[in-house]
Chemist: 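Dropping a structure here in structure tokens format, bear with me for questions.
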Amino acid sequence: MYAITPFERNTFDLFNAFNDFDKDFFGRYTTPRFKTDLRDEGDKYVMEAELPGFDKEDITLDITGDTLCLTAQHKEEKKEENKDKYIYRERSYGSYQRSFDISGIDAQGIAAEYKNGILYLDLPKKEAHQLETKRLEIK
């Protein structure tokens, strides 16, 4: 029987060199992760988090102070009749979590939408407070 292995890069890639710090000795990632993109749209930031295969109910967003915690959890299906028929399994079950600093964000106005495996977050910026200038009279 032939082993099924995913394609791995064969040459040194400076831009991806830091990815190796997250891998264990056998080349597997030690901490599950998902990828995010962040765009500045003037009055707000838009974050897109790639979470394919999740149901909306599997994703939670929690705000504690100035930290937004995004958690997604896959639940393993327990089907005993197929248990011994797998030759190779790559899909994993477990939880994925990332935290983001939202100190410059209006936390009350955050909106979230999940469609086609992408979680979209609208993160409105806090209004910049203008410092009041006051001239003191010299006596």
Side-chain angles (χ1 to χ4, degrees):
M1 173 159 48
Y2 296 102
I4 303 171
T5 58
F7 174 77
E8 295 285 336
R9 70 178 194 273
N10 292 324
T11 59
F12 179 74
D13 182 357
L14 181 61
F15 296 106
N16 289 320
F18 289 103
N19 288 342
D20 292 334
F21 289 116
D22 286 339
K23 292 183 178 180
D24 67 7
F25 181 76
F26 297 104
R28 298 175 302 221
Y29 283 103
T30 55
T31 54
R33 53 186 4 198
F34 51 88
K35 297 179 181 178
T36 59
D37 293 335
L38 188 63
R39 289 190 322 265
D40 186 347
E41 298 206 347
D43 61 338
K44 68 179 178 180
Y45 296 106
V46 175
M47 179 188 293
E48 298 175 5
E50 196 173 74
L51 297 164
F54 287 95
D55 291 327
K56 182 173 71 170
E57 296 76 24
D58 296 336
I59 302 168
T60 58
L61 296 166
D62 296 310
I63 297 173
T64 305
D66 287 338
T67 303
L68 170 69
C69 184
L70 195 162
T71 305
Q73 183 173 359
H74 275 298
K75 296 177 180 84
E76 184 174 7
E77 296 178 18
K78 303 278 185 187
K79 292 186 178 179
E80 293 299 321
E81 68 269 8
N82 289 332
K83 183 179 178 183
D84 296 327
K85 294 183 180 181
Y86 284 104
I87 298 169
Y88 182 73
R89 290 188 81 173
E90 246 183 11
R91 295 184 301 159
S92 63
Y93 299 94
S95 63
Y96 304 85
Q97 182 176 11
R98 286 187 70 182
S99 296
F100 302 92
D101 177 27
I102 57 167
S103 55
I105 302 299
D106 176 14
Q108 299 299 322
I110 295 175
E113 179 183 13
Y114 183 67
K115 63 181 181 181
N116 298 328
I118 307 290
L119 177 67
Y120 298 92
L121 292 172
D122 284 341
L123 305 163
K125 296 178 182 178
K126 285 183 181 175
E127 291 185 26
H129 295 283
Q130 295 292 333
L131 295 177
E132 186 178 312
T133 302
K134 180 179 177 183
R135 182 162 289 174
L136 298 174
E137 184 180 325
I138 302 173
K139 297 185 182 182

Chemist: With a 4.5 Å cut-off on side-chain heavy-atom distances among I, L, V, M, F, W and Y, is there a chain of contacts connecting Phe34 to Ile118?
Modeler: no

Chemist: Quick one: CD on Gln73 to CD1 on Ile59, what's the gap to the nearest 0.5 Å?
Modeler: 11.5 Å

Chemist: Can you measure from CG (Asp122) to CG (Asp43) and round to the nearest 0.5 angstrom?
Modeler: 9.0 Å

Chemist: To the closest 0.5 Å, what do you measure between CG (Leu136) and CD1 (Ile138)?
Modeler: 8.5 Å

Chemist: Who are the side-chain contact (heavy atoms from CB on, under 4.5 Å) partners of Lys35, not counting sequence neighbours?
Modeler: Glu50

Chemist: Which pairs pass ring-ring contact (aromatic ring centres under 6.0 Å, His included) with one or both residues in residues 101-121, sequence neighbours excluded?
Modeler: none

Chemist: Just wondering, more than 12 heavy atoms not from Gln108 lying within 6.0 Å of its CD?
Modeler: no

Chemist: Any donor-acceptor pair under 3.5 Å linking the side chain of Asp101 with the backbone of Ser103?
Modeler: yes

Chemist: If you measure from CG on Leu123 to CZ on Arg39, what distance do you get to the nearest 0.5 Å?
Modeler: 11.0 Å

Chemist: What pair of heavy atoms forms the shortest contact from Thr71 to Cys69, and how long is it?
Modeler: OG1-SG, 3.8 Å

Chemist: For Lys126, look at atom NZ and say whether over 12 heavy atoms of other residues, nucleotides or ligands are found less than 6.0 Å away.
Modeler: yes

Chemist: Is the backbone of Gly104 close enough, under 3.5 Å, to the side chain of Lys125 for a donor and an acceptor to pair up by distance?
Modeler: no

Chemist: Test of understanding: with ring-ring contact (aromatic ring centres under 6.0 Å, His included), list the residues that count as partners of Phe54, not counting sequence neighbours.
Modeler: His74, Tyr96

Chemist: Between atom CD1 of Ile105 and atom CG of Asp66, what is the distance when rounded to the nearest 0.5 Å?
Modeler: 10.0 Å

Chemist: What distance separates Ile110 CD1 from Ile102 CD1, expressed to the nearest 0.5 Å?
Modeler: 4.0 Å

Chemist: Leu70 and Val46: same hydrophobic cluster, using ILVMFWY side-chain contacts below 4.5 Å?
Modeler: no

